[in-house]
Amino acid sequence: PALIYAFLLQDFPESLVLTLAVFSILGLKLRDKRIIYISLLQTLTNLVRVLPIAFGMHSVLLLFSLVLYTRLFTQQPLSRIFLAGLVCFTTLATAELIYTKPLLNWTGLSYTQAFSNPFLRAAFALPGEITLLAIALGKNYYNQRKGLAC
């Protein structure tokens with residue numbers, strides 16, 4: 001059950017906002033059912049998080065899968081998709097670096113406690129997801145104002 005909770009509470013929302021941000025950076029409309037398809041595939045790919053591989057490799061694999069799925073569904077140039085994905089993952093990592101330590105101190109939890117519980121893990125991921133969502137919506141608004149959204 002913990003894996004299912006993690007999928008529903010963190011993996012899917014994170015995949016969704018990553019896909020939304022990539023679409024907005026690429027200048028694609030956010031009202032597109034391909035976003036759901038890519039998000040669902042990316043959520044399934046999040047199973048790499050349970051693999052016993054070196055720290056950080058999960059993010060690399062998830063970046064490449066997001067790029068691959070986006071390319072398959074949108075036919076956008078691979079270089080632009082990769083750059084958009086890199087911007088999103090860098091933003092997410094930077095946000096997590098900024099807020100995780102203060103949040104752990106504020107709650108009095110250890111890193112292990114916070115990230116072994118799917119509910120707490122989802123709560124700790126929320127600020128990063130909100131950051132990506134704000135970028136996606138802000139860029140989408142800019143695209144619409146400038147008539148750039150395809």
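For reference, positions follow the sequence shown, starting with 1.
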Applying side-chain contact (heavy atoms from CB on, under 4.5 Å), name anything that partners [X], two or more places apart in sequence or on another chain.
| X | answer |
| --- | --- |
| Leu86 | Leu63, Phe82, Thr90 |
| Ile98 | Thr94 |
| Tyr37 | Lys33, Phe73 |

- [ ] Would you please name every residue forming a ring-ring contact (aromatic ring centres under 6.0 Å, His included) with Phe124, sequence neighbours left out?
- [x]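 With sequence neighbours excluded, Phe124 shows a ring-ring contact (aromatic ring centres under 6.0 Å, His included) to Phe115, given in chain and number order.
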Task: Contact list for residues 52-65, test side-chain hydrogen bond (donor to acceptor under 3.5 Å, both in side chains), sequence neighbours left out - done: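 For residues 52-65, and leaving out neighbouring residues, the side-chain hydrogen bond (donor to acceptor under 3.5 Å, both in side chains) pairs sorted by first residue read Gln42-Ser65.
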- [ ] Any side-chain hydrogen bond (donor to acceptor under 3.5 Å, both in side chains) involving residues 110-133? Give me the pairs, sequence neighbours left out, ordered by first then second residue.
- [x]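 For residues 110-133, and leaving out neighbouring residues, the side-chain hydrogen bond (donor to acceptor under 3.5 Å, both in side chains) pairs sorted by first residue read Gln10-Arg121, Asp11-Arg121, Ser110-Gln113.
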Using 0.5 Å steps for rounding, measure from the [atom1] atom of [X] to the [atom2] atom of [Y].
| X | Y | atom1 | atom2 | answer |
| --- | --- | --- | --- | --- |
| Phe89 | Leu66 | CZ | CG | 5.5 Å |
| Ile25 | Ile81 | CD1 | CD1 | 12.0 Å |
| Thr107 | Leu103 | OG1 | CG | 5.5 Å |
| Thr43 | Leu16 | OG1 | CG | 8.0 Å |
| Leu18 | Leu62 | CG | CG | 8.5 Å |
| Leu132 | Glu14 | CG | CD | 8.0 Å |

Provide the closest heavy-atom pair for [X] versus [Y] in the form atom of the first, atom of the second, distance.
| X | Y | result |
| --- | --- | --- |
| Thr19 | Ser39 | OG1-OG, 3.4 Å |
| Gly27 | Asn143 | CA-ND2, 3.5 Å |
| Pro118 | Ala6 | CB-N, 3.8 Å |
| Leu30 | Ala136 | CD1-O, 3.9 Å |

TODO: Determine, stepwise, if the pair Leu61 / Phe64 fulfils side chain to side chain contact (heavy atoms under 4.5 Å, CB included).
DONE: CA-CA 5 Å; Leu61 292 172; Phe64 280 109; 5.9 Å; no
TODO: For the residue pair Thr70 and Leu26, establish whether any side-chain heavy-atom pair is separated by less than 4.5 Å.
DONE: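 Result yes, sub-4.5 Å side-chain heavy-atom pair found.
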- [ ] Please examine the side chains of Ile35 and Leu28, heavy atoms only from C-beta on, and report whether any two atoms are closer than 4.5 Å.
- [x]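 Heavy-atom side-chain distance check fails, nothing below 4.5 Å.
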Would you say [X] and [Y] are hydrophobically clustered, going by side-chain heavy atoms of ILVMFWY under 4.5 Å?
| X | Y | value |
| --- | --- | --- |
| Leu41 | Leu78 | yes |
| Leu68 | Leu83 | no |
| Leu137 | Val87 | no |
| Val67 | Met57 | yes |
| Leu133 | Tyr99 | no |

TODO: Please name all residues satisfying side chain to side chain donor-acceptor pair (under 3.5 Å) with Arg80, sequence neighbours left out, ordered by chain then number.
DONE: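 In terms of side chain to side chain donor-acceptor pair (under 3.5 Å), with neighbours along the sequence ignored, Arg80 is linked to Gln76.
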Open item on the list: Under the salt bridge (Lys or Arg N to Asp or Glu O under 4.0 Å) definition, can you give me all pairs with a residue in residues 55-78, not counting sequence neighbours?
Closed with: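 Passing the test, one end in residues 55-78: no pairs.
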Other than [X], which residues form its hydrophobic cluster under the rule that side-chain heavy atoms must be closer than 4.5 Å?
| X | value |
| --- | --- |
| Ile4 | Leu8 |
| Tyr5 | Leu9, Phe119 |
| Ile130 | Leu126 |

Task: Pairs meeting criterion ring pair (Phe, Tyr, Trp, His ring centres under 6.0 Å) with involvement of residues 6-29, two or more places apart - done: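 Not a single pair qualifies under ring pair (Phe, Tyr, Trp, His ring centres under 6.0 Å).
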Task: Expected output: side-chain Thr100 to main-chain Leu97 donor-acceptor under 3.5 Å - done: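 No.
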